[in-house]
Asks: 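Got a structure for you, written out below as structure tokens; questions coming shortly.
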2 protein chains.
Amino acid sequence: MSSIQEVAALANVSTATASRALSRPDMVAQATRERVLSAARHLDYQPNVLARSLRQRQTRTIGLVVTDILNPFHATLAKGVQDAADRHGYTAFLFNTDEDPGKEGRALDTLRGHLPQGLILVPTARARENLRLLPNLPVVELDRVTGNPAATTVTVDNVGGAEAATAHLVALGHTRIGMIVGQQDISTAVERHAGFRQALLGAGVPYREQLVLPGHHRQEDGRQAALRLLDLPADERPTALFVGNNEMTVGAVLAARERGLNIPGDLSIVGFDDSRWAQTMLPPLTVVAQPTYDLGVLACDLLIAQFSRPARSRASPARVQLPTTLIVRQSTAAPPP
Amino acid sequence: MSSIQEVAALANVSTATASRALSRPDMVAQATRERVLSAARHLDYQPNVLARSLRQRQTRTIGLVVTDILNPFHATLAKGVQDAADRHGYTAFLFNTDEDPGKEGRALDTLRGHLPQGLILVPTARARENLRLLPNLPVVELDRVTGNPAATTVTVDNVGGAEAATAHLVALGHTRIGMIVGQQDISTAVERHAGFRQALLGAGVPYREQLVLPGHHRQEDGRQAALRLLDLPADERPTALFVGNNEMTVGAVLAARERGLNIPGDLSIVGFDDSRWAQTMLPPLTVVAQPTYDLGVLACDLLIAQFSRPARSRASPARVQLPTTLIVRQSTAAPPP
DNA sequence: ATGAAAGCGCTAACAC
DNA sequence: GTGTTAGCGCTTTCAT
């Protein structure tokens, strides 16, 4: 890799002039500029970003930490962030925590040494402690929220989405509705649960504690929880299920199949988050869809906008909430007679 | 962020000694070492990797370029690579090309400035040109291959996998077997096609050109190609389909549903690459499974091993090929009478 | 065992 | 408009 020194030498100018010709073209005479540019092209020059970042004390780099890159929801978030970062001339470093706070801590520590200018984070339950590793780094919390009042957040309307899903089931005539809900130390799970409960109360349908089962967001958790609900005595068993995330919804469908139940004839199912699975499963699933890619883009745009703003306008961090959409497909119908 | 200068000052030593105490503990007296370590802990010191990399002229960083992070196959490869890199104390920079050679070129160019010590690449059709941007950088080609004789490659036995899938269909009694194949400028597609053809010839089943349709690896391509095959006159229409990748297989299943065909009663389908879709679709799909995560891990291990080897043992680059496994589920059966 | 000093490649004052 | 110089934070000779 040729350095700016070689470019300068070939163009017969000082390194300072070469540098200016490349990054501030208007500070240099046209003839000189052309000589430098041609020399650079000739040598296939590419600036060493390490040296540049070290000198400028800014890396044009951001950190991106998600909890499960194998989940298409997170992969889509990541793509949105990376595409947006790219458009702004930034590079995003992607880390994966597998929902493990320990791994999250280590990821943030590694990241720290790379001097990112900001961080986009889908937080684990202990993110707030972990974030103390990076004081006064601009942070955007994505999808979920830690409760830190200083953080910018980009989320969806989980309460509204859950309400819509529940109201849909109620409108179909269901009165024994179960929910499979994520860990209660994660904000999305709490909010979706709240929306569910609220919608039931609002509609005058009893909220039954024993029909709400927790899971850790994985397909197998969804399956286990659904099996427990489906194995209740016939007069207690829910006729409809609202499931708190995409993977657990797949598990719930598999559970229904295992028990030989027809969807939606014997059991209606609504999932949170649309996915290819939801569209291609049989029957196609009714879901609360999220603008996933846009969430990622927005998080990144907001973060980068924050850099360029006068330092002390941090008074009130942005709190963006995007709407969800109920997509009615074929996994929901009236309860069995 | 505190620098090594502050650590040195606090410990009452020179920066040189502080540096040694942190990275070469045995070069320093025990008492000094302890003072430095305690100072570092106190200040929450984290070395600036930019400065270190600049000085040492090695970044402990590798590039990772995949063609579609939204495809779980690629997400799994990426996770394998990142987990392995992490274990070796390396950081992997992930880029996404969307199967677009132009984007690939730009990704490699950006990467170049970050001085990665090596590169793991799922190449696009024009990768060989693009790679000229990075002369004498150790490269591992993953999943697919450019034909560059100097590159290390990590792939699966595509020919064998395709043969096994085809032989399975033949053994069930199919004689009109169609294939939906990827772009012919991508090595995996060529090899899977070759395996298909070879298996037919070996079994004495005629290979019919008109039953082999190309697609660009996306679900919708698979759907379109399948529709064309399924709309052939009844006596020409294939009774079984072998589909060249995971996404196109989903498309083929949807096409069959659209035409009201029963799988496997009216049409058998085998896909290449297992996936959650394949397992949860109805019926569960018979597939050629690949050791995807291991491919990623292996690529990374091989790349990093390459750094540590004496420079001129590059005589013969490694060529690793992992086996595939035919998983027979319920999308394949005897042809209709 | 430790310190002084040079230098990785780049950009930003500060001259002129 | 261009050159000279200093310095980002770190590691590594080379002395002592």
Side-chain angles (χ1 to χ4, degrees), chain A residues 1-40 43-61 89 91 109-117, chain B residues 1-40 43-61 89 91 109-117:
Chain A
M1 283 272 301
S2 46
S3 73
I4 202 170
Q5 313 231 29
E6 310 177 49
V7 174
L10 184 57
N12 254 304
V13 293
S14 71
T15 59
T17 302
S19 172
R20 284 189 282 251
L22 291 164
S23 22
R24 284 132 93 149
D26 39 313
M27 283 186 66
V28 97
Q30 169 153 1
T32 336
R33 179 166 66 241
E34 279 166 10
R35 271 203 335 278
V36 172
L37 260 43
S38 133
L43 296 170
D44 200 20
Y45 171 72
Q46 174 83 359
N48 179 329
V49 301
L50 276 60
R52 172 185 288 175
S53 299
L54 184 61
R55 173 64 232 241
Q56 298 191 140
R57 336 196 69 208
Q58 54 146 332
T59 54
R60 296 190 77 76
T61 269
T91 303
D109 211 43
T110 303
L111 210 41
R112 193 158 75 117
H114 288 271
L115 307 184
Q117 294 181 240
Chain B
M1 284 269 303
S2 44
S3 72
I4 202 169
Q5 313 231 29
E6 310 177 49
V7 173
L10 184 57
N12 253 303
V13 294
S14 70
T15 59
T17 303
S19 171
R20 284 190 281 251
L22 291 163
S23 21
R24 284 134 92 153
D26 39 312
M27 284 186 67
V28 97
Q30 170 154 0
T32 332
R33 178 167 66 243
E34 280 165 10
R35 275 207 328 280
V36 173
L37 259 43
S38 134
L43 295 171
D44 200 21
Y45 170 72
Q46 175 83 359
N48 180 327
V49 302
L50 275 62
R52 172 185 286 176
S53 299
L54 185 61
R55 171 66 232 239
Q56 296 191 140
R57 341 199 64 211
Q58 54 146 333
T59 55
R60 295 191 77 78
T61 269
T91 304
D109 211 44
T110 302
L111 209 43
R112 194 160 74 117
H114 288 271
L115 306 184
Q117 295 181 240

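Lettering of chains follows the sequences in order, A, B, ..., and the numbering in each one begins at 1.
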Asks: Tell me whether A:Thr15 contacts the main-chain N or O of A:Ile4 through its side chain, where contact means a donor paired with an acceptor under 3.5 Å.
Replies: no

Asks: So which nucleotide from C:dA1, C:dG3, D:dT4 ends up closest to the side chain of B:Val13?
Replies: C:dG3

Asks: In Å, rounded to the nearest 0.5 Å, how long is the span from OG1 of A:Thr32 to CG of A:Leu37?
Replies: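 Output value for this atom pair is 11.0 Å.
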
Asks: Could you tell me if the side chain of A:Arg112 sits less than 4.5 Å from the side chain of B:Asp44, heavy atoms only?
Replies: yes

Asks: Suppose we screen for side-chain contact (heavy atoms from CB on, under 4.5 Å). Which residues come up paired with A:Leu43, at least two apart in sequence or across chains?
Replies: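 In terms of side-chain contact (heavy atoms from CB on, under 4.5 Å), with neighbours along the sequence ignored, A:Leu43 is linked to A:Ser2, A:Glu6, A:Val7, A:Leu10.
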
Asks: Give the angle between the helix axes at the two ends of the helix from C:dA1-D:dT16 to C:dC16-D:dG1, taking five base pairs at each end and rounding to 10°.
Replies: 40°

Asks: If the sugar-phosphate is the primed atoms plus P, OP1 and OP2 and the base is the rest, what is the B/S/- string for nucleotides 9-16 of chain D, using protein heavy atoms under 4.0 Å?
Replies: BBBBB---

Asks: The criterion is side-chain contact (heavy atoms from CB on, under 4.5 Å); which residues satisfy it with B:Ala21, sequence neighbours excluded?
Replies: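 Checked B:Ala21 against side-chain contact (heavy atoms from CB on, under 4.5 Å); matches are B:Val28, B:Val36.
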
Asks: What is the distance, to the nearest angstrom, from the CG atom on B:Leu115 to the P atom on C:dG9?
Replies: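 Those two atoms, CG and P, are 9 Å apart.
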
Asks: Do side-chain atoms of A:Gln46 reach the backbone of B:Asp109 as a donor and acceptor pair under 3.5 angstrom?
Replies: yes

Asks: With sugar-phosphate meaning primed atoms plus P, OP1 and OP2, does A:Thr32 contact a base, only sugar-phosphate, or nothing at under 4.0 Å between heavy atoms?
Replies: sugar-phosphate

Asks: Without placing hydrogens or testing angles, list every side-chain donor-acceptor pair under 3.5 Å for residues 49-56 of chain B, not counting sequence neighbours.
Replies:
from: B:Ser53; atom 1: OG; to: B:Val49; atom 2: O; distance (Å): 2.7

Asks: Under the rule for salt bridge (charged side-chain N to carboxylate O under 4.0 Å, His left out), what residues qualify as partners of B:Arg33, not counting sequence neighbours?
Replies: none

